[in-house]
Number of protein chains: 2
Amino acid sequence: MPLTPDGDLCERWRQLMARYHDVSCALERALSQQHELGVSEFETLDLLVKSPYGKQFVHELHAGIHLSQSALSRTVARLEKRGLVTRAMCTNDRRAVSVTPTEEGRRLHAEAAPTHAAVLADHLGELQPQA
Amino acid sequence: MPLTPDGDLCERWRQLMARYHDVSCALERALSQQHELGVSEFETLDLLVKSPYGKQFVHELHAGIHLSQSALSRTVARLEKRGLVTRAMCTNDRRAVSVTPTEEGRRLHAEAAPTHAAVLADHLGELQPQA
DNA sequence: AGACATTACATGCGTACGCATCTAATGTCT
DNA sequence: AGACATTAGATGCGTACGCATGTAATGTCT
């Protein structure tokens, strides 16, 4: 017999959706209102800032984020347009594009990170982990 | 001290996102390929079929689904266009619109429900509940 | 080396979304 | 009753998304 009886699966899914949308909407609102950043943009910036060498290839970012390849490509393009990252062709593999946060990008990330953390604390904080 | 130390919140959020996107994408694919239904459309239909009187007002649906009011309005419009539900003005409160699934709507829901359940079982089944 | 597959990323396209706003109906307060 | 607020739902608008495809570079196989 399964860990969770079949009838509960739907309920589990509903709760997962509810939690996800709650947090996701709150993040979207807070980040975009206070820092003009979307969730995808913040996540991308976050991955970059926290990456070991301070830069990542687009396909490396793709492995760490829940976006289609095309959506990621455009997210990076948006970030570049705003001067938050730079794109550079890789010399070894000229198909690959490495993405590096600019000073401004790091500054904005540092500014937005507390907002991000606060929202998570608000909406994920007192809950016991369960979905 | 909180149930979950602060540093873990980000990790919790990442896992929640991962789980949500995994299930959500799988549902979207399965439902749209096999039944030409989006997740929002299925959820709406599901609420209707399972509602006590077999019909709901739009604002009642809104309370049970994670969609903005405008998105819900359009989802219902899409369902009506495909002949899966009918919209009717309420006589008591002429602002309200009640939504009723048609025979075809019920049939399609019955057809899609097992697909829905199977995807949930696949993607949520063996996991211990946790986010 | 040449043919074919694969990988990395960009882009055209259609669609569903949220926000803001609009209209109409109902509720409230004096 | 008349003025103002609120509620229900529809719609204009801009945007981010995924899918399919395009382009270029790299890998593989004979």
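Order of the sequence lines fixes the chain letters, A, B, ..., with proteins taken first and strands second; residue numbering starts at 1 for each chain.
With sequence neighbours excluded, the residues forming a side-chain contact (heavy atoms from CB on, under 4.5 Å) with A/Glu36 are A/Arg82, listed by chain and number. Residues satisfying the salt bridge (charged side-chain N to carboxylate O under 4.0 Å, His left out) criterion with A/Asp93, sequence neighbours excluded, are A/Arg95. Listed by chain and number, the residues in a salt bridge (charged side-chain N to carboxylate O under 4.0 Å, His left out) with B/Arg87 are B/Glu80 (sequence neighbours excluded). Residues satisfying the side-chain contact (heavy atoms from CB on, under 4.5 Å) test with A/Ala112, not counting sequence neighbours, are A/Leu31, A/His35, A/Leu37, A/Phe42. Legend: residues meeting side-chain contact (heavy atoms from CB on, under 4.5 Å) with B/Ser32, ordered by chain and number and at least two apart, are absent. Scanning for side-chain contact (heavy atoms from CB on, under 4.5 Å) contacts around B/Arg107 gives B/Glu104, B/Glu111, with sequence neighbours left out.
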For residues 55-66 of chain A, which side-chain N or O atoms pair as donor and acceptor with protein atoms under 3.5 Å away, sequence neighbours left out?
residue, atom, partner, partner atom, Å
A/Glu60, OE1, A/Phe57, N, 2.8
A/His62, NE2, A/Leu67, O, 3.1

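When side chains are defined from C-beta on, B/Thr102 does not count as touching B/Val85, because their heavy atoms never get closer than 4.5 Å.
Here B/Tyr20 and A/Trp13 bring their ring centres to under 6.0 angstrom of each other.
Using a 4.0 Å cut-off between a side-chain N of Lys or Arg and a carboxylate O of Asp or Glu, A/Arg14 and B/Asp46 qualify as a salt bridge.
On the nucleic acid side, DNA chain D contacts chain B at distances under 4.0 Å to non-hydrogen atoms, with the end points of that region at D/dT7 to D/dC19.
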Please tabulate the protein-to-nucleotide N/O contacts below 3.5 Å involving nucleotides 7-10 of chain C, giving atom names and distances.
residue, atom, partner, partner atom, Å
C/dT7, O2, A/Arg95, NH1, 2.8
C/dC9, OP1, A/Val58, N, 3.4
C/dC9, OP1, A/Val97, N, 2.8
C/dC9, OP1, A/Val97, O, 3.3
C/dC9, OP2, A/His59, N, 2.6
C/dC9, OP2, A/His59, ND1, 2.9
C/dA10, OP1, A/Arg87, NH1, 2.6
C/dA10, OP2, A/Ser73, OG, 2.5
C/dA10, N7, A/Gln69, NE2, 3.0
C/dA10, N6, A/Gln69, OE1, 2.9

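Nearest heavy atoms, A/Glu28 versus A/Gly38: OE2-CA, 3.5 Å.
Comparing the local axis fitted to the first five base pairs of the helix from C/dA1-D/dT30 to C/dT30-D/dA1 with the one fitted to its last five gives a bend of 30°, rounded to 10°.
Comparing B/Ala71 and A/Cys90 against DNA chain D, the residue whose closest nucleotide sits nearer the 5' end is B/Ala71. Comparing A/Arg94 and A/Ser68 by the nucleotide of DNA chain D whose heavy atom lies nearest to each, the residue mapping closer to the 5' end is A/Ser68.
In terms of hydrophobic clustering, with Ile, Leu, Val, Met, Phe, Trp and Tyr side chains grouped at heavy-atom distances under 4.5 Å, B/Leu84 and B/Val97 are assigned to a common cluster.
Residue pairs meeting the ring pair (Phe, Tyr, Trp, His ring centres under 6.0 Å) criterion with at least one member in residues 83-103 of chain B: none, sequence neighbours excluded.
Against DNA chain D, the stretch residues 29-49 of chain A makes heavy-atom approaches under 4.0 Å through A/Ser40.
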